[in-house]
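Scroll down for the structure; my scribbles are underneath it.
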Amino acid sequence: FEAATRLAAADGQSIMVADMEGLSPSLNLDPSGIKELGESFGVVFADRLNTILIVDFSFIAQAVWSLVKKVLSERTQKKIQFLSEAKARAYAKEHFGGPTCERILSSFDINRDKKSSAEDRLAHAKRTAICDV
């Protein structure tokens with residue numbers, strides 16, 4: 001997140017895209033981790049985040065949102081948008097420049113490619129990341 005902040009506009013704000021395709025809620029339900037994440041976004045990074053886009057947020061994952069939402073300020077809650085993949089693609093094309101848009105769209109593609117392996121996705125992340133993966 002710090003790398004994104006250094007690359008952000010003059011106001012220091014950035015947009016975070018969280019693609020939930022393939023999320024395994026049972027692997028991500030540590031209450032202390034959720035609370036810490038919520039506190040970081042709600043206090044530490046609140047002024048640095050312009051928007052958080054959460055893509056393809058499944059019904060099961062809504063339980064995670066209900067936990068996180070409780071520890072976020074109302075101001076921070078308003079920064080969070082839930083989008084389908086199609087709407088997220090349109091958002092990326094409208095709000096991001098060429099290389100950034102291409103990295104986001106290619107991430108959506110590989111995350112949804114049933115033939116891609118964990119190694120393929122890791123290699124893609126390393127090729128397209130703005131910081132160390």
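In this chain, numbering begins with 1 at the start of the sequence shown. Keep in mind that what you see is a predicted model, and the values were worked out from it rather than measured.
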### Query
Taking atom CD of Glu74 and atom NZ of Lys69, what is their separation to the nearest 0.5 Å?
9.5 Å
### Query
So how far is it from His124 NE2 to Asn111 CG, rounded to the nearest 0.5 Å?
8.0 Å
### side-chain contact (heavy atoms from CB on, under 4.5 Å) partner of Ile54, the single match among Leu83, Ile80, Val17
Ile80
#### Entry: Any donor-acceptor N/O pair, Arg112 side chain to Glu21 backbone, under 3.5 Å
no
### Query
Can you find a side-chain donor-acceptor pair between Ser117 and Asp120 that sits under 3.5 Å?
yes
### Query
Do the non-hydrogen side-chain atoms of Val55 and Tyr91 ever get within less than 4.5 Å of each other?
no
### Query
Phe82, Met16: one ILVMFWY side-chain cluster at the under-4.5 Å cut-off?
yes
### Message
Once rounded to the nearest 0.5 Å, what's the spacing between atom NZ of Lys79 and atom CG of Leu53?
### Response
13.0 Å
#### Entry: Rounded distance [0.5 Å steps], CG in Leu105 versus CD in Glu85
9.0 Å
### Message
With a 4.5 Å cut-off on side-chain heavy-atom distances among I, L, V, M, F, W and Y, is there a chain of contacts connecting Ile104 to Ile110?
### Response
no
### Task
Would you give the length of the straight line joining atom CD of Gln77 to atom CD1 of Ile52, rounded to the nearest 0.5 angstrom?
11.0 Å
### Heavy-atom side-chain contact between Ser106 and Thr128 under 4.5 Å
yes
